[in-house]
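Let me begin by presenting the structure, written as structure tokens, before commenting on it.
In the text below, chain A, chain B and the rest are named by the order of the sequence lines, each starting its count at 1.
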There are 2 protein chains.
Amino acid sequence: MKNVTDPEKKRQRAPSKRALETRARILDAAELLFAERGFDGASIRDIATTAGAPVGLVHHHGEGKEELFRQVVARRADELSSLRLAALEICKAAGKPDIAAIMRCFVGPYLERAESGGPQWFAYARLVAHVSADPRWRRISSRHFDATAAVFIDEIARLHPDASRERIATGFVYSVAAMLALLTSRWRIGELSGGEPPVSISGELEELVAFCAAGIAAAISK
Amino acid sequence: MKNVTDPEKKRQRAPSKRALETRARILDAAELLFAERGFDGASIRDIATTAGAPVGLVHHHGEGKEELFRQVVARRADELSSLRLAALEICKAAGKPDIAAIMRCFVGPYLERAESGGPQWFAYARLVAHVSADPRWRRISSRHFDATAAVFIDEIARLHPDASRERIATGFVYSVAAMLALLTSRWRIGELSGGEPPVSISGELEELVAFCAAGIAAAISK
DNA sequence: GTCTATATGTAGATAGAC
DNA sequence: GTCTATCTACATATAGAC
């Protein structure tokens with residue numbers, strides 16, 4: 001399924017190194033600005049300026065604003081899914097995981113990336129928050145996030161065969177919301193606790209995992 | 001402090017009944033469209049059309065798009081704060097509340113309104129989700145939500161004097177995120193559990209309260 | 001792939017009649 | 001307060017030279 005002649009695909013030649021860099025710069029700029037101001041608040045012109053590229057080039061690589069938006073969401077979603085599923089496999093190989101261990105495989109990879117991967121990963125969390133808030137992006141959300149989410153829900157369901165799947169899914173969605181809140185609303189936690197927000201993100205991992213695991217356990221036995 | 005001559009205030013006469021109705025229709029339309037498409041995705045013209053009012057009137061009542069947005073957020077925020085604080089007072093009068101009881105006073109009033117108050121309250125939840133996702137609205141968020149949030153965090157802190165305030169605030173912010181997820185992402189819960197989303201919102205109250213209370217308790221003792 | 005110039009629509013805001 | 005007409009700016013998208 002790779003590199004065979006495909007009449008559907010338009011691009012025939014491999015892109016040059018410079019082209020790939022330009023494309024990456026455009027996606028980074030789009031990620032930053034879509035995250036900061038949402039789909040309609042970020043203009044192609046602003047994205048072009050931030051990327052240091054002319055406007056026409058942004059259209060060329062993005063194939064229109066909506067498609068550019070989807071590409072930006074998809075890029076890290078795919079990377080995250082791989083990391084999460086790999087973590088879950090390792091965890092399962094070491095023995096039957098409990099809810100906390102399962103959720104640690106889901107949130108851990110993101111928190112590690114956010115800690116070490118630079119500010120683009122924080123921008124991405126805000127972008128996902130925008131996607132979650134806006135009903136126009138439901139299709140994007142389903143397409144790029146649901147398959148992996150279903151695997152994790154299955155894993156919890158296997159651990160608690162008597163619990164209704166709807167309650168497990170509910171607890172899981174609550175947990176994802178909490179994870180995004182950690183990544184996007186540390187300023188608010190800081191304001192409400194009267195001090196500065198927590199310095200280290202990965203230092204918050206166990207607290208978040210404990211919150212999610214206890215919450216899910218309580219919700220499914222209610 | 002009421003009805004005295006105030007040189008700061010511009011409006012001198014009480015608005016007519018018709019004017020108040022028009023204003024309410026404009027705020028409702030703005031709420032719906034801001035919730036659906038975010039600040040930049042909703043245009044003043046769309047809001048005017050939905051409200052059945054001319055564009056100039058939207059500007060007149062809203063005093064500019066940003067101020068209109070803030071007014072829409074503020075309207076229900078103030079109403080919700082009153083309901084929540086009243087619920088907490090009643091709860092405290094009946095004896096020392098635990099974490100679940102405290103959180104029930106916070107999320108209960110919203111879920112009841114969403115159940116009985118019509119679709120505008122669901123739109124408002126999406127609007128708040130947009131406000132939370134977008135760093136441009138931090139001031140609005142602080143101004144209209146933080147005071148009440150601080151009261152509830154204080155109440156939990158009184159119950160657990162040894163827990164750090166930062167952890168309590170973190171658990172509270174996670175809980176608010178979960179509440180918004182219930183109001184804005186039932187479609188996703190439905191998709192992930194392979195069936196329809198839950199019919200009744202208030203039927204989900206105890207499950208959500210259990211999730212939040214167990215999560216907070218686990219997070220502060222971690 | 002890269003970049004410039006341009007076409008076409010629509011945005012927020014305001015002036016002024018009623 | 002209500003409504004119409006209009007100003008100015010900027011949006012997305014594309015055509016075509018290099």
Side-chain angles (χ1 to χ4, degrees), chain A residues 9-73 130 134 136-137 140, chain B residues 9-73 130 134 136-137 140:
Chain A
K9 281 275 177 187
K10 280 132 199 166
R11 198 176 340 100
Q12 305 282 356
R13 294 202 314 270
S16 73
K17 191 187 168 195
R18 174 159 175 252
L20 283 175
E21 285 170 358
T22 304
R23 188 189 151 79
R25 277 209 325 280
I26 288 171
L27 287 181
D28 283 347
E31 182 169 68
L32 217 58
L33 291 170
F34 282 142
E36 212 72 32
R37 308 205 277 252
F39 177 76
D40 298 282
S43 74
I44 300 256
R45 292 173 131 79
D46 288 346
I47 292 169
T49 304
T50 303
V55 270
L57 212 50
V58 177
H59 274 102
H60 176 79
H61 283 290
E63 303 171 49
K65 196 182 183 184
E66 289 216 3
E67 171 62 14
L68 173 63
F69 186 75
R70 195 199 59 74
Q71 285 178 32
V72 171
V73 175
H130 273 114
D134 196 316
R136 284 176 294 174
W137 313 125
I140 293 183
Chain B
K9 283 275 179 187
K10 279 133 198 164
R11 197 175 345 98
Q12 306 282 357
R13 296 201 314 268
S16 72
K17 189 186 169 195
R18 175 159 174 249
L20 283 175
E21 284 171 359
T22 304
R23 187 188 152 80
R25 277 209 326 279
I26 288 171
L27 287 181
D28 284 347
E31 181 169 68
L32 216 60
L33 291 171
F34 282 142
E36 211 73 32
R37 309 205 277 254
F39 177 77
D40 298 282
S43 73
I44 300 256
R45 293 176 135 80
D46 288 345
I47 293 169
T49 305
T50 304
V55 269
L57 212 49
V58 177
H59 273 104
H60 176 79
H61 279 106
E63 303 171 47
K65 197 182 182 183
E66 290 217 3
E67 171 62 14
L68 173 64
F69 187 76
R70 196 200 58 75
Q71 285 179 32
V72 171
V73 175
H130 273 113
D134 196 317
R136 285 176 296 174
W137 313 125
I140 293 182

Side-chain donor/acceptor of A/Arg18 to base of C/dG1, under 3.5 Å: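 Result: no qualifying N/O pair found.
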
Distance (rounded to the nearest 0.5 Å) between A/Arg70 CZ and A/Glu66 CD: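 So the gap between those two atoms works out to 11.0 Å.
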
Given [options], identify the nucleotide with an atom nearest to the side chain of [X].
{"X": "A/Pro54", "options": "C/dC3, D/dC3, D/dT6", "value": "C/dC3"}
{"X": "B/His60", "options": "C/dA11, D/dT2, C/dG1", "value": "D/dT2"}
{"X": "B/Leu57", "options": "C/dA5, C/dC3, D/dC3", "value": "D/dC3"}
{"X": "A/Ile44", "options": "C/dA13, D/dA13, D/dC3", "value": "D/dA13"}
{"X": "B/Ser43", "options": "C/dT2, C/dG12, C/dG1", "value": "C/dG12"}
{"X": "B/Ala19", "options": "D/dT6, D/dT2, C/dT2", "value": "D/dT2"}
{"X": "B/His59", "options": "C/dT14, C/dC3, D/dG1", "value": "C/dT14"}

B/Arg45 (side chain) donor-acceptor with B/Val55 (main chain) under 3.5 angstrom: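 No.
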
Heavy-atom donor-acceptor pair, B/Lys65 side chain to B/Phe39 backbone, under 3.5 Å: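 Yes; judged by distance alone, with no hydrogens or angles, the pair exists.
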
Heavy-atom side-chain proximity of A/Arg25 to A/Leu57 below 4.5 angstrom: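 No - every pair of side-chain heavy atoms lies 4.5 Å or more apart.
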
Gap between atoms CD1 and C1', on B/Ile47 and C/dA13 respectively (whole Å):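 Interatomic distance, CD1 of B/Ile47 to C1' of C/dA13: 14 Å.
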
Distance in angstrom units between B/Phe34 CZ and C/dA11 C1', rounded: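 In whole Å, C/dA11 C1' lies 13 Å from B/Phe34 CZ.
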
